[in-house]
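The next block holds one structure in the form of structure tokens; read it before the comments.
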Amino acid sequence: MLRYFIPVALLILLNFFACQKADTLTASEKEAIKSGVQQMLQDYCAAVRAGGLSAEFKYLDESPEFFWVPPGYSSWLPYDSVAAILKKNALAFRAIDNAWVTLRIDPLTHEYATYTGTLHGTTIDTAGSVIKYTLLETGVVVKRKAGWKLLRGHSSVAPEKP
């Protein structure tokens with residue numbers, strides 16, 4: 001039994017240290033990840049401003065690991081449900097303008113980062129009604145071949161200040 005334990009323990013330790021080394025980020029790698037994620041999130045807002053809700057699809061990860069908790073929802077929704085909501089509401093708005101006010105990005109590995117921030121937004125529906133709001137958002141992004149994608153997260157409407 002002991003003769004099997006040592007090689008297995010050694011393999012586990014080597015794997016552990018290999019994984020630790022692979023996920024260690026230098027300061028310049030962290031800055032590059034922060035910059036890439038920030039650019040993606042800014043591009044996301046610009047795309048929605050220019051193309052409406054259907055522009056969001058380019059920025060959503062379509063993997064089974066995806067989920068989102070949209071404003072007003074109390075539980076997470078998988079990609080298909082989020083896609084159905086976006087498609088249903090895409091024609092309801094004449095304009096959507098979101099802009100990041102605060103944004104914190106924390107690289108976790110070369111492929112994953114978290115972010116949290118505040119967005120100020122304005123929507124104009126097809127009847128001309130203007131709605132201004134502040135969103136609080138936190139999420140996880142993943143780096144795919146096509147770039148950074150939203151993997152999971154939560155958006156909520158911030159309470160109005162008195």
Side-chain angles (χ1 to χ4, degrees), residues 19-20 22-25 29-162:
C19 289
Q20 292 298 317
D23 287 343
T24 300
L25 299 169
E29 288 171 325
K30 286 180 183 180
E31 286 307 311
I33 291 168
K34 286 179 182 182
S35 178
V37 172
Q38 181 175 6
Q39 187 63 56
M40 181 274 292
L41 292 169
Q42 290 172 341
D43 290 349
Y44 176 80
C45 289
V48 170
R49 189 176 309 111
L53 290 177
S54 56
E56 290 194 36
F57 289 105
K58 177 181 176 184
Y59 300 92
L60 304 180
D61 187 64
E62 295 183 49
S63 73
E65 290 79 28
F66 175 91
F67 73 77
W68 205 265
V69 181
Y73 284 75
S74 59
S75 64
W76 61 271
L77 300 176
Y79 179 86
D80 292 344
S81 297
V82 171
I85 291 168
L86 291 173
K87 288 175 186 173
K88 178 182 175 188
N89 292 314
L91 298 177
F93 298 101
R94 215 176 358 177
I96 301 171
D97 186 7
N98 293 327
W100 290 99
V101 177
T102 63
L103 182 59
R104 175 183 170 143
I105 299 165
D106 294 302
L108 302 175
T109 68
H110 290 92
E111 291 82 24
Y112 293 94
T114 62
Y115 72 92
T116 190
T118 306
L119 295 114
H120 283 181
T122 303
T123 60
I124 303 172
D125 67 17
T126 55
S129 298
V130 177
I131 300 170
K132 293 185 179 278
Y133 52 86
T134 300
L135 293 176
L136 306 174
E137 189 164 298
T138 187
V140 176
V141 293
V142 61
K143 184 144 192 194
R144 301 291 191 206
K145 288 179 184 177
W148 289 100
K149 303 284 185 173
L150 298 167
L151 179 63
R152 50 184 59 172
H154 178 247
S155 302
S156 59
V157 177
E160 291 185 31
K161 294 180 182 179

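- Take Lys30 and apply the side-chain contact (heavy atoms from CB on, under 4.5 Å) test, not counting sequence neighbours, and it matches Leu25, Pro107.
- With a 4.5 Å cut-off on side-chain heavy atoms, Pro70 and Ser155 do not count as touching.
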Please step through side chain to side chain contact (heavy atoms under 4.5 Å, CB included) for the pair Val141 and Leu151, ending with a clear verdict. CA-CA 5 Å; Val141 293; Leu151 179 63; 6.0 Å; no
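- For the pair Thr114/Val140, a side-chain contact is recorded, criterion being any heavy-atom separation below 4.5 Å from C-beta on.
- Contacts of Arg144 classified as side chain to side chain donor-acceptor pair (under 3.5 Å), with partners at least two apart in sequence or in another chain: Asp61.
- Taking each heavy atom of His120 and Val101 in turn, the nearest pair found is CG-CG2, 3.5 Å.
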For residues 77-89, dump all side-chain donor-acceptor pairs below 3.5 Å to protein atoms at least two apart in sequence or in another chain.
from  : atom 1 : to    : atom 2 : distance (Å)
Asn89 : ND2    : Ile85 : O      : 3.1

Would you be so kind as to tabulate the donor-acceptor pairs closer than 3.5 Å made by side chains of residues 121-131, with sequence neighbours excluded?
from   : atom 1 : to     : atom 2 : distance (Å)
Asp125 : OD1    : Ala127 : N      : 2.9
Asp125 : OD1    : Gly128 : N      : 3.0
Asp125 : OD1    : Ser129 : N      : 2.9

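- For the atom pair CZ of Arg104 and OG1 of Thr118, the computed distance is 13.0 Å after rounding to the nearest 0.5 Å.
- Annotation: the span from Thr102 atom OG1 to Leu119 atom CG amounts to 8.0 Å, rounded to 0.5 Å.
- By the 6.0 Å contact criterion, CZ on Arg94 is enclosed, its count of non-hydrogen atoms from other residues, nucleotides or ligands being greater than 12.
- Other residues, nucleotides and ligands place no more than 12 heavy atoms under 6.0 Å from the OH atom of Tyr112.
- Considering all non-hydrogen atoms of both residues, Val69 and Trp76 come closest at CG2-CA, 3.5 Å.
- The side chain to side chain donor-acceptor pair (under 3.5 Å) search around Glu31 returns none, not counting sequence neighbours.
- The shortest side-chain heavy-atom distance between Lys143 and His110 does not fall under the 4.5 Å cut-off.
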Pairs of donor and acceptor atoms involving the side chains of residues 33-50, under 3.5 Å and at least two apart or interchain, shall be tabulated with distances.
from  : atom 1 : to    : atom 2 : distance (Å)
Gln39 : NE2    : Asp43 : OD1    : 2.7
Tyr44 : OH     : Glu56 : OE1    : 2.6
Arg49 : NE     : Asp97 : OD1    : 2.6
Arg49 : NH2    : Asp97 : OD1    : 3.4
Arg49 : NH2    : Asn98 : O      : 3.1

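- A distance-only check finds no donor-acceptor pair linking the side chain of Thr138 to the backbone of Gly153 [under 3.5 Å].
- Side-chain contact between Tyr115 and Trp100 is present, with heavy atoms from C-beta onward closer than 4.5 Å.
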